[in-house]
J.: 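Before we start, here is the structure in question, set down as structure tokens.
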2 protein chains.
Amino acid sequence: MSRMSAAERRPVLIEAGVRVIAREGIAGASTRAIVAEAGMSLASFHYAFESREAFLDELTASVVARESQAVLPLPEAGGDMREVVEAGLVRYLDHLRADPAHEQAMLELTQHALRAPERHPLAVAQYRRYADLAEEALTLAAERAGATWRVPVPEVASVLIAFSDGITLNWLVHRDDRAALAAARAAADALSRMAAPR
Amino acid sequence: MSRMSAAERRPVLIEAGVRVIAREGIAGASTRAIVAEAGMSLASFHYAFESREAFLDELTASVVARESQAVLPLPEAGGDMREVVEAGLVRYLDHLRADPAHEQAMLELTQHALRAPERHPLAVAQYRRYADLAEEALTLAAERAGATWRVPVPEVASVLIAFSDGITLNWLVHRDDRAALAAARAAADALSRMAAPR
DNA sequence: CGCGAACTGGGACACTCGTCCCAGTTCGAC
DNA sequence: GTCGAACTGGGACGAGTGTCCCAGTTCGCG
């Protein structure tokens, strides 16, 4: 590997790590597998990162930070709240179908963070980010639909995230687009009932 | 370890395996950790099971097979469909709160099964079992509420499972009972709208 | 009682893992 | 150009892994 500063190396390793985890899971993401994917030597890894755990923590944080293209911007669908929310969920489903490995990797990172108490804040931060995105999307949706949320937006967002997670997990198991769409429709229905026309 | 036939040993090892996975995750469920938990020697493990993977497969199947106390029987709540479904979900939440490690273990087993194509059928079977339970519960709920499902029950079940999964995952991250209840209420609302009074 | 099959414990194997070390190379600053 | 710091590759380490082997023990059956 040509010369490269530790600071430049970190993002390269993280990209490689994301690819390996998507392909093989966290269990398969050994330091050796990661440096092989990145095309560098093992020593470079521990020159750039203190440990594999520290690497995984930074990877999680970094991948979560840019988790935004999935839902936003909302597709420009008109209609009432139900339709707008459903369009948003359908858009998310498209994203999921386009890159299932990525979403599966996110799930695995969550579970990995859940396993050790000292990593729990990472999982919370991950979901904090999801919540921010969801709130933004929901506010936008209310604007589009000309409605207001009767329930505080953060609470609506929390329900939206729970629904998306469940739909994701089920789609990963069955790869059943119809079922996912049906669930998305039901979710949109439930969510839209937390809003009232303005 | 006192003398024991391979056939008797298998369930004992599986119980031990479930405890280890709940405590330490699949990654921590080494053959040595499992036999230590079961109080037997390493050789007994491979006398009873061909390999660790075969063991995990059988463990998954066995644990899924008896996954039923969580939802059924439905608590005897009267009321309309929304109330009955909500009561069922609340009951599931109680079960989740009582033994989070178990639900987390189930999630990990699903993801483990999703990782290798040859184990994918196991994940599907796991969800097939969930679907059966959900269908049973939904049919019972319709009876209780004196209503009928306007949508085929299997489809309602699939939505119910997606919602429960999502609520579970989010509760495992945040341990936020209020948020889980809010999501359960929203889910019950959406589901009940797939039924009509008889 | 005897005998063959079933089961046992302990040790060993080949391997992978995260991490570390160290002698070399390459760079930027002076 | 020199020099010190930054970076490199390769090899080694100790620990942990799944699996296997084998000499012993124990049991049920005849």
Side-chain angles (χ1 to χ4, degrees), chain A residues 1-21 23-60 105 108-109 111-113 115-116 118-119 122, chain B residues 1-21 23-60 105 108-109 111-113 115-116 118-119 122:
Chain A
M1 198 67 192
S2 62
R3 211 168 178 76
M4 196 186 268
S5 82
E8 300 175 86
R9 207 176 283 279
R10 268 194 284 272
V12 176
L13 278 166
I14 284 181
E15 282 318 302
V18 170
R19 284 195 300 275
V20 173
I21 291 177
R23 211 169 48 227
E24 329 249 9
I26 285 199
S30 65
T31 52
R32 284 166 178 83
I34 294 161
V35 297
E37 175 79 22
M40 38 179 103
S41 83
L42 199 46
S44 308
F45 184 94
H46 279 95
Y47 192 78
F49 292 98
E50 182 159 349
S51 69
R52 176 175 180 264
E53 273 324 314
F55 168 76
L56 284 178
D57 289 353
E58 193 162 324
L59 181 147
T60 305
E108 255 174 87
L109 288 172
Q111 272 191 347
H112 183 250
R115 267 298 161 200
E118 72 271 16
R119 267 195 300 282
L122 262 172
Chain B
M1 199 64 192
S2 62
R3 212 165 179 77
M4 195 186 265
S5 81
E8 299 175 86
R9 207 175 285 278
R10 269 193 284 271
V12 176
L13 279 166
I14 284 181
E15 282 320 301
V18 170
R19 286 194 300 273
V20 173
I21 292 177
R23 210 169 49 228
E24 328 250 9
I26 285 198
S30 65
T31 53
R32 282 166 179 83
I34 294 161
V35 297
E37 175 80 21
M40 39 178 104
S41 84
L42 198 46
S44 307
F45 184 93
H46 279 94
Y47 191 78
F49 292 98
E50 183 159 348
S51 68
R52 179 177 179 264
E53 272 324 314
F55 168 77
L56 284 177
D57 289 353
E58 194 163 323
L59 181 147
T60 305
E108 254 173 87
L109 288 172
Q111 271 190 348
H112 184 251
R115 267 299 159 199
E118 72 272 17
R119 268 194 300 280
L122 262 172

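Letters go in sequence order (proteins before strands), and every chain restarts at 1.
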J.: Measure from OH on B:Y47 to C1' on D:dC21 and round the result to the nearest Å.
T.: 14 Å
J.: Output one line per pair: protein atom, nucleotide atom from nucleotides 15-18 of chain C, and distance, for all N/O pairs under 3.5 Å.
T.:
from: C:dG18; atom 1: OP1; to: A:T31; atom 2: N; distance (Å): 3.4
from: C:dG18; atom 1: OP1; to: A:R52; atom 2: NE; distance (Å): 2.9
from: C:dG18; atom 1: OP2; to: A:T31; atom 2: N; distance (Å): 2.9
from: C:dG18; atom 1: OP2; to: A:T31; atom 2: OG1; distance (Å): 2.7
from: C:dG18; atom 1: N7; to: A:R32; atom 2: NH1; distance (Å): 2.7
from: C:dG18; atom 1: O6; to: A:R32; atom 2: NH2; distance (Å): 2.8

J.: Could you measure the distance from the CG atom of B:L56 to the CG atom of B:L122? Nearest 0.5 Å is fine.
T.: 10.0 Å
J.: According to side-chain hydrogen bond (donor to acceptor under 3.5 Å, both in side chains), does anything in residues 47-58 of chain A pair up with another residue at least two apart or in another chain? List the pairs.
T.: A:E53-A:R119
J.: Tell me, please, which residues at least two apart from B:A105 pass side chain to side chain contact (heavy atoms under 4.5 Å, CB included).
T.: B:I21
J.: Please identify each residue that fulfils salt bridge (Lys or Arg N to Asp or Glu O under 4.0 Å) with B:E15, with sequence neighbours left out.
T.: B:R66
J.: Backbone N or O of B:A48 within a donor-acceptor pair of the B:R10 side chain at under 3.5 Å?
T.: yes
J.: Got a list of protein N/O to nucleotides 23-30 of chain C N/O distances below 3.5 Å?
T.:
from: C:dT26; atom 1: O2; to: A:R3; atom 2: NH2; distance (Å): 3.1

J.: Check the distance between D:dT17's C1' and B:E24's CD and give it to me in whole angstrom.
T.: 15 Å
J.: Calculate the interatomic distance between B:I34 atom CD1 and D:dT17 atom C1'; express it in whole Å.
T.: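 Value for this atom pair: 12 Å.
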J.: Expressed in angstrom and rounded to an integer, what is the separation of A:E8 atom CD from D:dA6 atom P?
T.: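 About 15 Å, once rounded to whole Å.
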J.: For residues 25-40 of chain B, which residue pairs pass the side-chain hydrogen bond (donor to acceptor under 3.5 Å, both in side chains) check, not counting sequence neighbours?
T.: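 Sorted result for residues 25-40 of chain B: B:R19-B:E37, B:R23-B:E37.
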J.: Who passes side chain to side chain contact (heavy atoms under 4.5 Å, CB included) against B:Q111, sequence neighbours left out?
T.: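 Side chain to side chain contact (heavy atoms under 4.5 Å, CB included) check on B:Q111 returns A:L107, A:E108, A:Q111.
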J.: Rounded to the nearest angstrom, tell me the gap between atom CZ in B:F45 and atom P in C:dG11.
T.: 21 Å
J.: What residues form a side chain to side chain contact (heavy atoms under 4.5 Å, CB included) with A:E24, not counting sequence neighbours?
T.: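 A:E24: side chain to side chain contact (heavy atoms under 4.5 Å, CB included) contacts with A:V20.
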